[in-house]
There are 2 protein chains.
Amino acid sequence: MNSSPRRGRRPGSPDVRAQILAVARDRFHREGYDGVTMRSLAADVGVDAALISYYFGSKRGLFAAVLEISVHPADILAKLLEGDLETLPQRAVRTLVTVWDQPEMGMPLLSAVRAAVADPELAALIRRGLHRELIDQLADRIGGADAHHRAGTFVGQIGGLVFTRYVLAVEPLASMTVDEIVRTLGPALRTTLFGPVAIPARRPHAAAGPARGPAPR
Amino acid sequence: MNSSPRRGRRPGSPDVRAQILAVARDRFHREGYDGVTMRSLAADVGVDAALISYYFGSKRGLFAAVLEISVHPADILAKLLEGDLETLPQRAVRTLVTVWDQPEMGMPLLSAVRAAVADPELAALIRRGLHRELIDQLADRIGGADAHHRAGTFVGQIGGLVFTRYVLAVEPLASMTVDEIVRTLGPALRTTLFGPVAIPARRPHAAAGPARGPAPR
DNA sequence: GTAGTTGTTCAACCGTGATGAATTCTTCGC
DNA sequence: GCGAAGAATTCATCACGGTTGAACAACTAC
């Protein structure tokens, strides 16, 4: 891009772009996308609102930039998948809850999810991310004919935890401890990954259910 | 058409309120809350925008009215809980997917969820609804010491299905058939409701996990 | 110096939801 | 019937949202 040596005015003595980003980050996480207006944000930084557009193109651009510096899920996911497959369900739940429970991580993630629900393009971003970084890899590791179905369902269950505990905050999930959640959700996740297609503990009510699928391996 | 829309009350008794509601319902479901502007909606109905405020107080009031006539989850939930507890997981999944898959029901529900994510008051509504109508009742039916934890986790997983399949539309969940979903998610839900705290199919890797909880009844 | 580039502000635009006053129709007491 | 009360409808306007183009200021390069 910049072929010629640096011409023109140098960035102001305080790096205004970084300042805007920092304040925006704080306020977006605290007040949500709609709660932050460009004018009020500009006033906070002590700058004209047009400058934000100048640097970030638009309000959404600014939000995207904030997300960029706030959310890095990929490395956490990679760590999870590296470990022992047997213990993955418990570890996944524990890691997820731990990460989301600390506000410095949870708030950015929450605002990201909120924004994604409202904005189809952001939703597509998350959708693709989940699929490539998590579901495909997980399916590879568990193997078997219905690996993708199991992996997808697994992610769905994890997503449900995020949705009900953090976005909706519905009780009792919202105030259960990490251990309690691992205890109750862990076995279900194990069933999804490794279990048979129907738990044989009681009569599966064979009538309507197409209870037989590909062999549970 | 009518080139000079006269001021004042219209002759006859056209039920304009119902007309507004019908058009709003359609457009909200198709274009989402933010996609519908009061002016464009008013133009669609052939009416001044102020009339909407007159009838419904505010845009949110209109949206609430649309939800009112579009979403009645309570009766469906009641039916579910009436049936045999043993088959509840499968039936719940099947009912949920069936309902959400038909656009006449699914779109309203989806726009409700979307709105709830953006608006804390609506979120509180859904939160309370889920808790009173579903979790408490379900906990009563399954009984036992950790009934509430199990019920909450159950609802969380169901919510995850909604979130990932319908809101985020992440693959492969988004294009799995009803039967496939019932097959993969059903057993996990059974585990949540009735299962032990750790599935004994393989060595539960006793180290880290607080794998023992209240007896599984 | 002068020209060119970048940072910053100002004023304005257009679209949003909301509100109060003005106007016209319906209804109901007499 | 008449006339007043009230309901339904539009208009003009407000405050506020994000965005934009022109102007100006600061700085670098030649």
Side-chain angles (χ1 to χ4, degrees), chain A residues 1-24 27-28 31-67 111 114-115 118-119 121-122, chain B residues 1-24 27-28 31-67 111 114-115 118-119 121-122:
Chain A
M1 272 195 202
N2 190 3
S3 55
S4 55
R6 298 179 45 209
R7 295 178 74 120
R9 180 177 181 167
R10 291 191 182 150
S13 25
D15 188 349
V16 180
R17 201 194 118 102
Q19 242 174 296
I20 295 175
L21 206 50
V23 177
R27 297 207 41 202
F28 272 138
E31 307 166 40
Y33 187 83
D34 287 329
V36 178
T37 118
M38 307 209 71
R39 285 174 162 89
S40 80
L41 178 62
D44 263 17
V45 186
V47 105
D48 189 274
L51 197 59
I52 303 179
S53 289
Y54 173 72
Y55 276 124
F56 301 96
S58 66
K59 190 183 182 183
R60 262 179 46 181
L62 172 63
F63 190 76
V66 167
L67 284 193
S111 62
R114 284 221 158 89
D119 186 333
E121 290 189 37
L122 287 179
Chain B
M1 312 265 180
N2 190 359
S3 56
S4 65
R6 286 184 350 265
R7 221 166 155 172
R9 182 172 185 166
R10 289 299 143 81
S13 54
D15 191 352
V16 181
R17 199 194 119 102
Q19 246 174 293
I20 295 175
L21 206 50
V23 178
R27 296 207 41 202
F28 271 138
E31 308 166 39
Y33 186 83
D34 287 328
V36 178
T37 121
M38 307 208 72
R39 290 190 222 283
S40 81
L41 178 61
D44 262 17
V45 186
V47 106
D48 189 273
L51 197 58
I52 304 179
S53 290
Y54 173 70
Y55 277 124
F56 301 97
S58 67
K59 191 184 182 183
R60 263 180 46 184
L62 172 62
F63 190 76
V66 167
L67 283 193
S111 62
R114 283 218 160 91
D119 185 334
E121 289 189 37
L122 288 177

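In what follows, chains carry the letters A, B, and so on, assigned in the order in which the sequence lines appear, proteins first and then strands, with residues in each chain numbered from 1.
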**Q.** Nearest-angstrom distance from the residue atom CD1 of B:I20 to P of D:dT9
**A.** 8 Å
Q: Look at the side chain of B:T37 and decide which nucleotide, out of D:dT10, D:dG17, C:dG17, has an atom nearest to it.
A: C:dG17
Q | Nearest-Å distance for atom pair CG/C1', residues B:L41 and C:dG15 | A | 16 Å
Q: Identify which nucleotide among D:dA8, D:dT19, C:dT16 has an atom closest to any side-chain atom of A:M38, counting heavy atoms from C-beta outward.
A: D:dT19
Q) Please give, in whole Å, the distance from D:dA8 C1' to B:Y54 OH? A) 5 Å
Q | Value in whole Å for how far the P atom of C:dT19 lies from CG of B:L51 | A | 15 Å
Q) Is B:V47 close to B:L41 at the side-chain level, that is, under 4.5 Å between some pair of heavy atoms? A) no
Q. Any side-chain heavy atom of A:R27 sitting closer than 4.5 Å to one from A:S40?
A. yes
(Q) Suppose we screen for side-chain contact (heavy atoms from CB on, under 4.5 Å). Which residues come up paired with B:L67, at least two apart in sequence or across chains? (A) B:F63, B:V71, B:A112
Q: Compare the minimum distances between each of C:dG7, D:dT20, C:dT19 and the side chain of A:A50, then state the nucleotide with the smallest one.
A: D:dT20
Q: Could you give me the CA-CA distance, side-chain angles and deciding distance for A:L21 and A:Y55, then say whether side chain to side chain contact (heavy atoms under 4.5 Å, CB included) is met?
A: CA-CA 10 Å; A:L21 206 50; A:Y55 276 124; over 6 Å; no
Q: Using a heavy-atom cut-off of under 4.0 Å over every strand shown, decide if B:Y55 touches base, sugar-phosphate, or nothing.
A: sugar-phosphate
Q | Spacing of B:D34 atom CG relative to C:dG15 atom C1', expressed in whole Å | A | 13 Å
Q: Classify the nucleic acid contact of A:V45 as base, sugar-phosphate or nothing, counting any heavy atom under 4.0 Å across all strands shown.
A: nothing
Q: Could you go through the side chain to side chain contact (heavy atoms under 4.5 Å, CB included) check for A:V45 and A:L51 one step at a time?
A: CA-CA 11 Å; A:V45 186; A:L51 197 59; over 6 Å; no
**Q.** Gap between atoms CG and P, on B:D15 and D:dA7 respectively (whole Å)
**A.** 16 Å
Q. In whole angstroms, how far is the C1' atom of D:dT20 from the CZ atom of A:F56?
A. 18 Å
(Q) Just the rounded figure in Å: distance from C1' of C:dG7 to CD of A:Q19. (A) 14 Å
Q. Which sits closer to the 5' end of DNA chain C, A:R39 or A:D48, going by the nucleotide each is nearest to?
A. A:D48
